[in-house]
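The structure under discussion appears below in the form of structure tokens.
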Amino acid sequence: MTTAEHRLLVHSGTFAAVGPSGDITGARGLSPDGLFLRDARHLSRWQLTVDGTTPTVLVPASDGPTASAVLTPAGSRAEPPAHTVFREQSVTAGALIERIRLTSNRAQADMARLALTVDADFADQFELRSDHRWYEKPGAVRTRETLPDGVEFGYRRREWYSRTVVTADPPPEAVEETGSGARRLVWDLELAPHGSVELALRVTAYPYGAPDPATAPEDDPEDLADEHTAGPLSYGPGVWPELTRACEQGLADLAGLRVPATGPDGEPLRVPAAGVPWFLALFGRDALMTSLFALPYRPSLATATLPALAATQATAEDAKDPARIAQPGKIVHEVRHGELAHFGQVPFGSYYGSVDGTPLFLVLLGACTERTGDDKLARRLEPHARAAVEWMFRYGGLEERGYLHYRAHEGGLANQSWKDSPDAICFADGEQAKGVITAAAAQGYAYDALRHTARLAQTVWDDTKFATRLEQAAEELRSRFLRDFWLPEQHFPALALDGDGRQVDALASDAGHLLWSGILDHERGQATGRRLLEPDFFSGWGIRTLAAGQRAYHPLSYHRGSVWPHDNAVIALGLARYGLHGEARTVAHALTTIAEREGYRLPEVIAGYDRDEHPEPVPYPHACSPQAWAAAAPLALLTAVGG
């Protein structure tokens, strides 16, 4: 989340959130600061003083690969500041790097005392959220050790051991205890007349279970913004400059959001993480949707995401830890590496609480094979694809109920479709759907997955019998869906079916996902697409997750009236699929207007207020930015408008 208070530096699974001055204060709640790696905060204080006082910010830390700030001690017109501090910070894999240049503004030699107060609390990210939860950590011990050129912080809990090493060149002249457990690194610096002194600092994180940075492989130099395996981005004559800028910013953000993963044979991969600050980890649904958006332009995301998810695909039910909801063939929803996941205090180490990740895996595998014309990955992942199909029928519910379904998971996710907040699947009057939930969007994904996999079976695996079975299942699913989900009075599909088989009648943007998947017939598809552009849905900034005017509508909720760029990108692709090209361009123009207001970076979500009510997009207070599928959304828009 980029706010007025914090700047984000992101690279290869590591991120730092710093204040306008470059400081880190140990904040918690909605906008934590610090240096984070593998779901833990490895630097919780990083506060600079000059001559015992906190300097004033002249130029706040900038966004971008490097955060640059300019600071001065207090001064006045009569006595201007004696010194100026220039700070430059960047993040590499596992480390925060800072260069501090202290410059004298005086014509005579001078002295200055510069100090950095540093600490590492090793807090798990789940501890830092403002959800009023508290986690016991029996036997946990923190250590601090002074080094010749800095300080080392350690944290141990049973076998779990992590450390953070702070080094400086030149070394500090003293490392002082502060009384709070933090350490203060101190330099007494001699400054020549109008001279400068530089300090080079490095904070290296050594998380439990991660390879030592000294022995880890070099960073992949590939930059998605300059990748040529798919050729440069191709902009058609009808594409406007703001969309091209948003695409370029999105590619830059996706490059920073990639995190390390491994394939089925242990091969190293880099896959798109979901977003910063809370979700810099592999999330199945997010990585799949991001890769689908980027597929025509950057297929390397898909060819990394698919084997990474194949490697984490469940092979059995977990009797020892049923909270993971693992079932044979199911694609993982979330992979965490933190302390609380390791000790089973949260179920998200490898968590399978998603009804739609598995069909989306099959959609991406089929689409990637068709787009690239290369069937090697489809051949390699054939066992995984067949297991995913088997999950849809046997465990997902296609065989027993005719639809994919899920139940609310106590301790995990109440809803397991993309709208996963507890109150997201609701009736128009606001009543929450209960029991076994059959979400509409997931049925569209399942239909598309069956058809894609049927083509793979026919053309790659040489299994006509399997292909025929899947095609028949797809057509039967489509027929059932049109019968059970269509709201004839509204001329619109229901959001879901509840445990009693009732149509959950809230008018929701999920209908656009049905356009994208192709499960609606042409007449219903066009009616649905046009309905999504009516004023109760379309805010001027995009299509709301829930149409205004319903009792359930809330413009500042997560999924009941907000506007999500990735959701709108899916809808734009669906509109184009059903021949509604003017409507697709309307959505694309609205989103690029948001991007233009945000430095061409689309946020995860904005509030649902109408553009006529407020001339600027109203931020959603807890949005991630950068966020992977929002970063990839402009690429989907480019496809939707014929780029």
Phe36 and His42 aromatic centres sub-6.0 Å | no

Examine Trp240 together with His589 and report whether their ring centres are nearer than 6.0 Å.
-> yes

Verify, without hydrogens or angle tests, whether [X] (side chain) and [Y] (backbone) share a donor-acceptor contact under 3.5 angstrom.
{"X": "Glu598", "Y": "Pro603", "value": "no"}
{"X": "Thr545", "Y": "Gly561", "value": "yes"}
{"X": "Ser562", "Y": "Ser557", "value": "yes"}

Taking side chain as C-beta onward, heavy atoms only, is [X] less than 4.5 Å from [Y]?
{"X": "Trp418", "Y": "Arg285", "value": "yes"}
{"X": "Tyr609", "Y": "Leu556", "value": "yes"}
{"X": "His337", "Y": "Pro207", "value": "no"}
{"X": "Leu243", "Y": "Leu591", "value": "no"}
{"X": "Val332", "Y": "Leu309", "value": "yes"}
{"X": "Thr164", "Y": "Val203", "value": "yes"}
{"X": "Asp265", "Y": "Arg380", "value": "yes"}

Lys/Arg N to Asp/Glu carboxylate O, Arg544 vs Asp610, below 4.0 Å = yes

Polar side chain donor-acceptor pair, Glu604 to Tyr558, under 3.5 angstrom | yes

Looking at Leu602 and Ala633, what are the two nearest heavy atoms and their distance?
-> CD1-CB, 4.2 Å

Test salt bridge (Lys or Arg N to Asp or Glu O under 4.0 Å), reference Arg41, set Asp121, Asp124, Asp119, output is Asp121

cation_pi(Arg336, Phe348) dist<6.0 Å, angle<=45 | no

